[in-house]
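Below is one structure, written out as structure tokens; the observations come after it.
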Amino acid sequence: MRTLTTLAVMSAMTLSIHATAADATFNAHAQIGLTSNSDLAIKELDVISSQSDTGTLLSAGLSAEFKATDALKFTPSYRYENTNYHTLDQYDLSLHQYGLDTNYKLTHTDIGFRYDGATAQVANKTFLTLDQGSLYIGHFVNNTTYLRAALKAGEKQFTTQPARDAQSLGLDTSLFYFINQGNTMLLLGASLDKEEATEQQYDFSGWTLNTRVSHTFTAFGNTNKASIGWRYQDKDYQENPNDMLTEPTPSRDESRHILTAHWQLSLLDSLSLITEAEYGDYQSQLEANTYTQSIASISLRAEF
């Protein structure tokens, strides 16, 4: 993964060389809102509270697009998200996300390399860092159909539980289908993932299916964008054999069904009202990791 980070830095250096001569565009956003969560959890650490709470949301981000040539562009980005709960502040979550996308465009095909990094904090203490690099290719089959495939490699490190430190390898495929002059989009996706952790009980192989339908329309003179989605994920964890010297490790196999809904209403040219809802059904061979969770939020988003 350090190699991937080095490649990202090299891309950033290339970006700086071309920046002064390249066409550049910048985008920024700020978002504030309220959220309600039926079961606060830190899924990465198997911490499930079985308690509900409400809180405030804060998000801000910045991205830029630099065109080195008509075909080659660089897109660095940074995003900060923060959730502060009113009662259970030990579950307050902060997330720093940063990335750099290097994309080369042919007539109907995109080829690129993307680096993504993240640092997660709970109650102001870092518990997870993530680095991921992906090599991708996308192709317009026709005016309405776009196919994309990505090979990704990642590394994550846990501050308090190094036994969960892991390296991963995965393959993503997605199909995008556009109708109504591009105002309606259907997404179908599938992925395969394999992760090897420091401690064998956290090794797993898994697969994911996801789909989403989004639609942009005008109502009462305002632009609206609504979407609904569903994701299913299945993880098959490594199990230690039962022999005379070691105790068998309980199976951690799990599956997740997650439903999402999103509605964005444009109030002004740069100001939107956003409502979101999510329902998750988390099933596991470990009873403590079996639960359901409902999350709802409403927020204002300003774009610059």
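Just so you know, these numbers use all the heavy atoms, side chains as well, and skip hydrogens, waters and symmetry mates.
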Taking [X] for the side chain and [Y] for the main chain, is one N or O donor matched with an acceptor at less than 3.5 Å?
| X | Y | result |
| --- | --- | --- |
| T159 | T126 | yes |
| D234 | Y232 | no |
| T211 | L187 | yes |
| D53 | L88 | yes |
| H139 | H108 | yes |
| E195 | S168 | no |
| D101 | T75 | no |
| N37 | D39 | yes |
| D89 | D92 | no |
| S49 | A41 | no |

Decide yes or no for [X] and [Y]: does some side-chain heavy atom of the first lie under 4.5 Å from some side-chain heavy atom of the second?
| X | Y | result |
| --- | --- | --- |
| F176 | M185 | yes |
| F127 | K125 | no |
| Y177 | L188 | no |
| N27 | H29 | no |
| I32 | T56 | no |
| L128 | L45 | no |
| H96 | Q121 | yes |

Look at atom [atom1] of [X] and say whether more than 12 heavy atoms of other residues, nucleotides or ligands are closer to it than 6.0 Å.
| X | atom1 | answer |
| --- | --- | --- |
| K225 | NZ | no |
| R79 | CZ | yes |
| N180 | CG | yes |
| K43 | NZ | yes |
| R231 | CZ | no |
| F178 | CZ | yes |
| D70 | CG | no |

Audit row: Y78, Y98, ring pair (Phe, Tyr, Trp, His ring centres under 6.0 Å) steps and yes/no: CA-CA 4 Å; Y78 170 77; Y98 36 91; 7.1 Å; no
Ignoring hydrogens, what is the shortest heavy-atom contact between [X] and [Y]? Give both atom names and the distance.
| X | Y | value |
| --- | --- | --- |
| A197 | A166 | CA-CB, 3.7 Å |
| S251 | Q285 | O-CB, 3.2 Å |
| S59 | E81 | OG-CG, 4.0 Å |
| Q90 | V122 | O-CG1, 2.9 Å |
| L57 | S297 | CD1-CB, 3.6 Å |
| A28 | L62 | CB-CD1, 4.0 Å |

Should [X] and [Y] be counted in the same cluster of Ile, Leu, Val, Met, Phe, Trp and Tyr side chains packed under 4.5 Å apart?
| X | Y | answer |
| --- | --- | --- |
| Y146 | L135 | no |
| L93 | L58 | no |
| Y237 | F158 | no |
| L186 | I179 | yes |
| I295 | L34 | no |

Any side-chain donor paired with an acceptor under 3.5 Å for [X] and [Y]?
| X | Y | result |
| --- | --- | --- |
| H86 | T54 | yes |
| D281 | Q283 | yes |
| N82 | S94 | yes |
| Y279 | H257 | no |
| H262 | E276 | yes |

Euclidean distance, [Y] [atom2] relative to [X] [atom1], rounded to 0.5 Å:
| X | Y | atom1 | atom2 | value |
| --- | --- | --- | --- | --- |
| L72 | K105 | CG | NZ | 13.0 Å |
| F217 | N183 | CZ | CG | 11.0 Å |
| F140 | T107 | CZ | OG1 | 12.5 Å |
| I42 | E44 | CD1 | CD | 8.0 Å |
| R164 | T198 | CZ | OG1 | 11.5 Å |
| L130 | K156 | CG | NZ | 8.0 Å |

How far apart are the C-alpha atoms of Y115 and D131, what are their side-chain angles, what is the distance that settles it, and do they pass the side-chain contact (heavy atoms from CB on, under 4.5 Å) test? CA-CA 8 Å; Y115 165 77; D131 294 285; 2.5 Å; yes
Take R212 and N210 through the side-chain contact (heavy atoms from CB on, under 4.5 Å) test and state the conclusion after the steps. CA-CA 7 Å; R212 186 173 75 250; N210 68 89; 5.6 Å; no
Quick one: does NZ or CZ of R114 land under 6.0 Å from the six-membered ring centre of Y136, within 45 degrees of the ring axis? no
K152 vs D116, salt bridge (Lys or Arg N to Asp or Glu O under 4.0 Å): CA-CA, chis, key distance, verdict: CA-CA 10 Å; K152 58 186 182 181; D116 290 284; over 6 Å; no
Centres of the F66 and F26 rings: under 6.0 Å? yes
Working for side-chain contact (heavy atoms from CB on, under 4.5 Å), residues L300 and L273: CA-CA 5 Å; L300 285 174; L273 177 67; 4.0 Å; yes
